[in-house]
Protein chains: 2
Amino acid sequence: MSLRIALLGLLRASGPSSGYDLAKSFESTLNYVWQAGHSQIYPELVKMAADGLVTVEAEGARGRKVYAITQEGSAQLRGWLLEQTPSLTVRSESALQAFLLPVLDPADAVAALERLRERYVEKVAMLETLCDQHGSKAFGRYALDHGLRHARTTIEWVDDTIATISRDIGHGGSCDENVAD
Amino acid sequence: MSLRIALLGLLRASGPSSGYDLAKSFESTLNYVWQAGHSQIYPELVKMAADGLVTVEAEGARGRKVYAITQEGSAQLRGWLLEQTPSLTVRSESALQAFLLPVLDPADAVAALERLRERYVEKVAMLETLCDQHGSKAFGRYALDHGLRHARTTIEWVDDTIATISRDIGHGGSCDENVAD
DNA sequence: GCGTGACATGTAAGAATTTACATGTCAAAA
DNA sequence: TTTTGACATGTAAATTCTTACATGTCACGC
């Protein structure tokens, strides 16, 4: 369902677009909260057209098909946004890794957290650049802002976690606990 | 791979546990960053045992099987944590919804954001309670802390986004733009 | 004219995830 | 004593997601 809603939202926000355009939009604006490749997007658009949520508005060069959202699609998007109660959970591989780091020796954990920190610093810089380019105009602004705030929050968390773990260094690590065989 | 690593991490942090225990741990500590149900966990543990990463250390009442991480499992966990560069992307249904809200009339969008805000306020309260219970002891503390910070950041984002959208009310909404048919 | 890279769409296979089905045990309260 | 709820493990089916394969067009520079 999320993919469908995301595509309807992009069509609504950006106007008629091809699957290729939508894949790019996913990459550049929705990437901070949802991901989908073209191999997922193309078949989904076909199904959505069959369900009357979008129509092929025009066909252009290189087989390009321009989809537009229909009134039915627009109604479904609005209904979902107003009525659905989305799950508040998040899926983040990097956060998962960060949480498991404390099972390492404290020194290793700190080193790994510092590498993670650097990557988030880069991410923040990248997002800030994008933010400046966008100005305060585009639809994607909210997404960008969200991504930026969360990346900064992660850096703060990493810093505090490093500090906490560092205090434990010398007080005995978790190195060989809980291992069988 | 993430599921495997998460299970190894939990076994390492909590000591020998059954699939049932691990499912509970997932729910209570890792839930903020990764989700897995028992129907995913049980078969994965069987595969991991076949690969020598865990062993069935004991069998108890009600068919309970207690798994323990092996040295090989421990080595693989450590290797992954130190060497892997996880993707920094996140998948969040609620954030996706939040991003698409601006395609609604500003008034609808603000109403929906306010409902979202309430849910996050509840979440923060819940996490704060859990935090107090845990004290500063447990492994899951980092996860909890992370979840709490991100939930608070989301609330701030919602507030600022509401403010931004509210300023636009009366300046013309996005109500019937970009709809075909 | 030829190559390269962005444009553009698709399918296939496999992995991961979710939801539902299915079964059985144990402890404690009513 | 019976029933309820937590404990405990699985499988099946459907969906979603990722990775790889496969194909062809157009514009631009060399």
Side-chain angles (χ1 to χ4, degrees), chain A residues 1-8 10-11 14 16-28 30-31 33-51 54-67 80 84-93 96, chain B residues 1-8 10-11 14 16-28 30-31 33-51 54 56-67 80 84 86-93 96:
Chain A
M1 205 65 234
S2 292
L3 175 60
R4 214 163 244 237
I5 295 301
L7 291 173
L8 289 174
L10 287 176
L11 284 173
S14 317
S17 319
S18 68
Y20 187 86
D21 295 335
L22 290 167
K24 293 272 166 180
S25 293
F26 244 104
E27 182 79 26
S28 66
L30 247 37
N31 196 250
V33 289
W34 206 263
Q35 301 82 44
H38 74 274
S39 66
Q40 225 188 326
I41 292 171
Y42 289 133
E44 188 65 26
L45 285 169
V46 171
K47 284 185 225 159
M48 288 163 76
D51 292 344
V54 298
T55 48
V56 178
E57 200 198 46
E59 304 204 24
R62 286 175 271 188
R64 180 183 172 89
K65 287 195 229 168
V66 179
Y67 290 90
W80 191 84
Q84 270 292 310
T85 324
S87 92
L88 299 189
T89 58
V90 157
R91 199 171 275 253
S92 161
E93 202 183 314
L96 173 64
Chain B
M1 204 68 236
S2 292
L3 175 59
R4 210 162 249 238
I5 295 302
L7 291 172
L8 289 174
L10 287 176
L11 284 173
S14 316
S17 319
S18 68
Y20 187 85
D21 296 335
L22 290 166
K24 293 271 166 178
S25 293
F26 243 103
E27 182 78 25
S28 66
L30 247 38
N31 195 249
V33 289
W34 206 263
Q35 301 82 44
H38 74 274
S39 67
Q40 225 187 326
I41 292 171
Y42 290 133
E44 187 66 25
L45 285 169
V46 171
K47 284 185 224 159
M48 288 163 75
D51 292 345
V54 298
V56 178
E57 201 199 44
E59 304 205 21
R62 285 176 267 188
R64 178 183 172 89
K65 289 193 230 170
V66 178
Y67 290 89
W80 191 83
Q84 270 293 310
S87 92
L88 298 189
T89 59
V90 156
R91 198 172 274 249
S92 162
E93 203 184 311
L96 173 64

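In what follows, every chain begins at residue 1, and chains take the letters A, B, ... in the order their sequences are listed.
Note that CD of Gln35(B) is 11.5 Å distant from CZ of Arg91(B), once rounded to the nearest 0.5 Å. Remark: Lys24(B) NZ to Ser18(B) OG distance equals 10.0 Å, nearest 0.5 Å. Between the OH atom in Tyr42(B) and the CG atom in Leu22(B) there is a gap of 9.0 Å [rounded to 0.5 Å].
Phe26(B) pairs by the ring pair (Phe, Tyr, Trp, His ring centres under 6.0 Å) definition with nothing, not counting sequence neighbours. A search for side chain to side chain contact (heavy atoms under 4.5 Å, CB included) contacts involving Ser2(B) returns Glu93(A), Leu96(A), Trp34(B), not counting sequence neighbours.
Within the 4.5 Å cutoff, the side chain of Asp51(B) has heavy atoms near those of the Arg4(B) side chain. Side-chain contact check for Leu7(B) versus Gln40(B): every heavy-atom pair is 4.5 Å or farther apart.
Closest contact between the side chain of Arg64(B) and the listed nucleotides dT9(D), dT9(C), dG24(C) involves dT9(D). In this structure, of dT9(D), dT25(D), dA6(D), it is dT9(D) that holds the atom nearest to the side chain of Lys65(B).
At whole-Å resolution of the value, CZ in Arg62(A) and P in dA27(D) are 6 Å apart. A straight line from CG of Leu45(B) to C1' of dT9(D) spans 11 Å, rounded to a whole angstrom. As rounded to whole Å, 14 Å separates atom P of dA6(D) from atom CD of Glu27(B). Atom CD in Glu59(B) sits roughly 16 Å away from atom C1' in dG24(C) (whole-Å rounding). The nearest whole Å value for the distance from the CG atom in Leu7(A) to the P atom in dT9(C) is 13 Å. As a whole-Å value, the separation of Arg4(A) CZ from dT15(D) P is 11 Å.
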Nucleotide-resolved protein contact map, nucleotides 12-22 of chain C, B/S/- at heavy-atom distance under 4.0 Å: B---SSBBB--

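The 5' end of DNA chain C is approached more closely, in terms of each residue's nearest nucleotide, by Tyr42(A) than by the other of Tyr42(A) and Ala61(B).
In terms of phosphate contacts, Lys24(A) brings no side-chain nitrogen or oxygen within less than 4.0 Å of OP1 or OP2 of dA8(C). Residue Tyr20(A) places none of its side-chain N or O atoms closer than 4.0 Å to OP1 or OP2 of dT9(C).
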